[in-house]
Structure formats: structure tokens, C-alpha cells
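Below: one structure, written as C-alpha cells.
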2 protein chains.
Amino acid sequence: MYSFTEENYLKTIYKLSELHSKNISTNAIAQIIQTKAASVTDMVKRLSDKKLIRYEKYKGVSLTEKGKKVALDTIRKHRIWESFLHTKLKFGWDEVHEIAEQLEHIKSEVLIDRLDEFLGFPTRDPHGDPIPSKTGSIPKNTYKILADMMEDEQVVMNGVLDHSPIFLQYLSKLKLEIGTVLLIIEKIEYDNSMTVKINGKTVQLSNNVTQNILVIPDARK
Amino acid sequence: MYSFTEENYLKTIYKLSELHSKNISTNAIAQIIQTKAASVTDMVKRLSDKKLIRYEKYKGVSLTEKGKKVALDTIRKHRIWESFLHTKLKFGWDEVHEIAEQLEHIKSEVLIDRLDEFLGFPTRDPHGDPIPSKTGSIPKNTYKILADMMEDEQVVMNGVLDHSPIFLQYLSKLKLEIGTVLLIIEKIEYDNSMTVKINGKTVQLSNNVTQNILVIPDARK
DNA sequence: AAATAAATTTAGACTAACCTAAAAAAATAA
DNA sequence: TTATTTTTTTAGGTTAGTCTAAATTTATTT
Ligand SMILES: [Mn+2]
Ligand SMILES: [Mn+2]
Ligand SMILES: [Mn+2]
Ligand SMILES: [Mn+2]
């Protein structure tokens with residue numbers, strides 16, 4: 001139906017829309033797709049012809065319902081494949097994304113449904129991101145950013161904002177993963193770093209790190 | 001490394017080489033790839049430039065060692081994915097090929113190794129075809145064609161020559177699958193059809209069918 | 001051996017997706 | 001409100017892979 005490239009553009013526009021709410025600029029897309037602005041202009045014209053996005057010269061783009069469906073479908077596939085790679089093939093959460101970038105473009109509706117069933121209908125991928133349903137509904141994240149939590153609060157890690165392998169590997173080294181319980185010991189005003197306790201061990205997290213960790217208050221506390 | 005299309009050409013040339021032993025003709029490739037002879041000529045020039053095949057104008061092509069390695073690697077991936085789809089996701093043997101045609105082009109060496117391990121290192125795919133090893137070695141099939149067997153012989157089905165869904169579905173309907181034991185009751189000279197017993201049930205198989213079934217003599221007999 | 005048919009290659013075009021360089025529009029600063 | 005900078009678009013090319021139609025080579029008949 002849609003090409004590898006088209007799906008990547010739509011997915012990118014969807015993800016940018018989640019953050020910005022405004023129309024998405026040519027440059028923003030170019031940066032993520034790792035291409036030139038001129039190429040993006042080319043492509044958005046074609047996507048617009050196919051009624052997948054709305055495009056007005058110099059005004060950026062937004063997804064139509066049709067385009068949003070394709071984007072969510074691609075994200076669904078991506079996250080289900082990531083779950084498969086992680087839970088069945090034992091890939092680390094820092095390794096799954098790159099392979100899933102390829103697998104998400106396999107064309108077969110029944111395949112992804114069977115895989116979903118094989119995995120027991122997971123609701124979140126290895127990074128804590130929600131998996132869109134077949135019909136394209138996706139739970140809104142109500143997570144908080146670790147940096148915004150108060151001293152003495154106990155929280156559970158539930159996701160990350162930065163998905164880069166280097167960041168994920170760093171978290172693994174600290175034994176910080178989805179489900180890990182954190183107790184906030186101290187917030188250092190000077191550099192906005194944070195002292196937290198993880199499994200009884202005290203570690204210092206820079207602001208850069210705490211800004212990229214999503215948490216929920218710990219129910220057990 | 002190599003494109004989707006390049007891998008498909010190499011795989012096709014490999015499979016034709018298995019049958020013909022001679023150089024492979026432009027037309028033969030065109031027919032399988034479902035493209036025009038002119039396009040094949042174009043492509044074989046490029047594959048030749050990359051030292052993946054030997055090509056002489058009007059004389060057909062043959063694989064170099066380098067090309068053979070790529071072909072076998074692609075076939076390995078195809079058959080491992082087919083095994084996964086069949087044994088884990090419960091797809092029928094008539095359904096796996098089409099999806100594997102896409103999955104075989106996923107680029108990741110570690111992925112296919114992990115999948116292989118996850119499946120317990122299968123040696124044959126759902127159609128009875130041998131899975132090439134990582135190093136590209138592949139057992140030579142010593143199977144016989146059912147049509148060539150004698151009356152009163154008992155054999156075990158071990159593969160098919162025709163992989164089309166319609167043929168595979170017909171075999172499934174007859175409860176004929178890999179491992180099924182067949183007793184040859186009678187060979188009809190008139191139309192070369194065959195009366196066989198499958199699980200105690202007597203069925204009539206046309207020459208068209210028996211020419212496409214691979215068997216080995218039953219050890220139990 | 002010449003004539004005819006079939007297979008293969010060449011020539012010239014097309015599309016998707018990309019590029020660079022230049023032009024035009026929008027945003028920002030003076 | 002000009003002037004300058006940044007963003008976006010246009011113009012013109014490139015590459016992989018495809019096509020049709022015509023030319024050429026090889027194979028098969030007569
Ligand atoms: Mn990912
Ligand atoms: Mn993810
Ligand atoms: Mn197959
Ligand atoms: Mn097979």
C-alpha cells in the first residue's frame with residue numbers, strides 16, 4: 001500500500017505533532033528523517049496529493065485522519081516488533097529500535113495480529129511506550145518527568161524520553177529499567193542534579209538524565 | 001549491503017542453477033522475477049559490475065562465490081522466517097512463503113542467529129527444504145519423486161517441488177504433509193496416476209501431483 | 001545455406017526518492 | 001520599517017529499477 005519512505009514520513013510527522021501541536025515544519029522533518037529540506041518539500045507534496053497530510057506552502061503540514069491511521073499502524077508494528085525482539089529474542093532495550101525500524105514496514109495485517117497474540121497482547125513496548133490498538137487508539141501518557149518530582153517521593157520508572165542506545169545503556173548500567181523503584185533523596189539546586197536510591201544503592205543523576213526519565217508515584221508507598 | 005532487488009535476483013539465479021546446471025538465461029530470470037527481459041539485462045550488468053555474477057552477452061549468467069554467498073544467506077533467512085511463522089505463529093505452510101519473501105530482506109546478522117536459536121536450530125523449513133548453515137553449506141537433497149516409486153513401496157513424504165499455495169492447500173486437504181507415510185497401492189499406466197494409502201485412507205493422486213512430492217523410503221518398513 | 005522465429009540487447013523514457021544551488025518568502029533584528 | 005538572517009521552495013540533476021519499441025544476435029526450420 002504505502003512505501004517504506006512514506007510510512008517513515010507519516011510516523012515522523014505524527015511524533016512531531018505529539019510534541020508541538022502546531023503544524024510541522026519542513027526543517028523539523030528533514031532533521032529527523034536525516035534528509036534535506038528540499039527533499040521533504042518534494043515528499044510532502046506527494047503525501048498531500050494522496051490526502052495523507054494537509055500541506056500549505058510555507059505553512060508546514062499536519063496529518064489527515066487517513067495519514068494518522070497509517071502513522072499509528074506503523075508505530076503499532078514498530079512497538080510490537082520491539083516487544084518481540086526484547087521478550088522472545090532477548091535483545092536489550094538499546095538494541096531493539098534499529099531492527100524494528102525495518103520490521104515495521106513488513107506488509108501483512110494478519111502477521112502483526114498473530115505476533116501480538118503470540119506475545120500475549122502487550123500494552124507497552126520495552127521503552128514503556130504504549131502500543132496503539134488495531135483501531136488506532138492509544139492511551140495518553142500520564143507520566144511525570146523525574147526531574148519534576150519532590151524530595152522524599154518514591155516513584156516507579158515507566159518510560160524514557162530519550163531513546164538513544166547510549167542513554168539506554170547508561171540506565172542499564174545503573175540498573176534503572178522499566179519498573180525500577182526510585183526514592184528521591186535530595187535535589188541539588190546548583191546543577192539540578194538529583195540523589196536517588198535505586199535498590200538500596202544511592203546514585204547521583206544529572207539533570208540531563210532526570211529530564212529524560214518518566215515516572216509515576218509508587219502505589220506501594 | 002545489498003538491495004531487496006539484488007537479493008531477489010541472486011536468489012532466483014541460485015535456484016535456477018540448482019535445476020539447470022547450465023548458464024541461466026535472461027528470460028528464465030524474467031519469468032520468475034515477474035519482470036521484462038530488458039530489465040533483467042539491465043540488472044545483470046549491474047550485478048556483474050559488483051562481481052556477484054559472471055555475465056557474457058547473449059550467453060546467460062552464473063553466480064560467483066560472492067554471489068552464491070548472498071543467495072544462500074537470503075535463502076537461509078527465508079527458510080528460518082518460514083519456520084518461525086509456521087511453528088510459532090501457526091501459519092499454514094501455504095501462507096508462510098509470501099510473508100517470508102519480505103522478511104528475508106531484513107538486514108541484521110544477529111537477528112537471524114537469535115531467531116535460529118529461538119527455534120532450536122531447525123534444519124528444514126515447513127516445506128521440507130533444507131536451511132543453509134551460517135557458513136553457507138546446504139545438504140544436498142537425496143529425496144526421490146513419488147511418481148518414480150514402485151507399487152507396494154512405503155515412503156515418507158519429505159518435501160514438495162511445487163510451492164504454490166493452491167498445491168499445498170490441496171495436499172493439506174488430503175492430510176498429506178511432511179512426515180506423512182504413504183503406501184503405494186497401484187500405479188495406473190494409462191494416465192500415470194497413483195493409488196496410495198494415507199493413514200489408512202485410499203486416495204488417487206494424479207501424475208501432476210506425484211511429480212511434485214518428494215519422499216524417502218520408510219525406515220519402518 | 002538461406003529464411004524465419006525466438007531470445008537478447010540497446011535506446012530512450014518513466015517514477016520514487018534523493019541531491020545542490022539559487023530564488024523567494026517569512027521571521028527577526030536593527 | 002528597512003535590513004538581515006533563516007526557512008522554504010523551485011529548478012535542474014542523479015540513481016535504481018522499471019517499461020516499450022526497435023535493433024541485433026542466436027536458434028530453428030525449410
Ligand atoms: Mn523504537
Ligand atoms: Mn520503543
Ligand atoms: Mn518460500
Ligand atoms: Mn519454504
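Side-chain atoms are counted along with the backbone in the values below, which use heavy atoms only and exclude waters and symmetry mates. In what follows, chains are A, B, ... by sequence order, proteins preceding strands, each numbered from 1.
Atom pair K22(A):NZ and dA27(C):C1' shows a separation of 13 Å (rounding to whole Å applied). The CG-C1' distance, from D49(B) to dA16(D), rounds to 13 Å in whole Å. As a whole-Å value, the separation of F4(A) CZ from dC18(C) P is 10 Å. If you take CG of N23(A) and P of dT8(D), they are 11 Å apart, rounded to a whole angstrom. Counting to the nearest Å, the P atom of dA16(C) and the CD atom of E7(A) are 16 Å from each other. Spacing between atom OH of Y2(A) and atom P of dT15(C) amounts to 20 Å, rounded to whole angstrom units.
Between N8(B) and H105(B), the side chains place a donor N or O and an acceptor N or O closer than 3.5 Å (distance only, hydrogens not considered). Counted by atom type alone, T195(B) and Q204(B) present one or more donor-acceptor pairs between their side chains at under 3.5 Å. Checking D162(A) against S164(A) by side-chain atom types alone, a donor-acceptor pair falls below 3.5 Å. Defined by atom type and a distance below 3.5 Å, a donor-acceptor pair is missing between the side-chain atoms of S83(A) and T87(A). Of the N and O atoms on the side chains of S206(B) and N208(B), not one donor lies less than 3.5 Å from an acceptor on the other residue.
At least one test fails for K107(A) against the ring of F4(A): distance under 6.0 Å to the centre or angle within 45° of the axis.
Of the side-chain N and O atoms in S3(B), one or more sit less than 4.0 angstrom from OP1 or OP2 of dG17(D). Between K57(B) and dT10(C) there is a side-chain polar atom (N or O) within less than 4.0 angstrom of OP1 or OP2. Proximity of N27(B) to the phosphate of dT8(C): a side-chain N or O atom is located under 4.0 Å from OP1 or OP2. OP1 or OP2 of dG17(D) has not a single side-chain nitrogen or oxygen of T35(B) nearer than 4.0 Å. When the side-chain nitrogen and oxygen atoms of Y55(B) are compared with OP1 and OP2 of dT9(C), one or more of them lie within a distance under 4.0 Å.
Looking at heavy-atom distances under 4.0 Å, Y9(A) makes contact with sugar-phosphate atoms alone, never a base.
Distance from the side chain of T5(A) is smallest for dC18(C) among the nucleotides dT25(D), dC19(D), dC18(C).
Within residues 37-46 of chain B, the residues that place at least one heavy atom under 4.0 Å from DNA chain D are, in residue-number order, A38(B), S39(B), D42(B), M43(B), R46(B).
Between Q34(A) and K59(A), the one whose closest nucleotide on DNA chain C sits nearer the 5' end is Q34(A). In this structure, Y58(B) and K36(A) both approach DNA chain C, and ranking their closest nucleotides by distance from the 5' end singles out Y58(B).
Considering D129(B), L214(B), L171(B) in turn, L171(B) is the only one that fulfils the side-chain contact (heavy atoms from CB on, under 4.5 Å) rule with V160(B).
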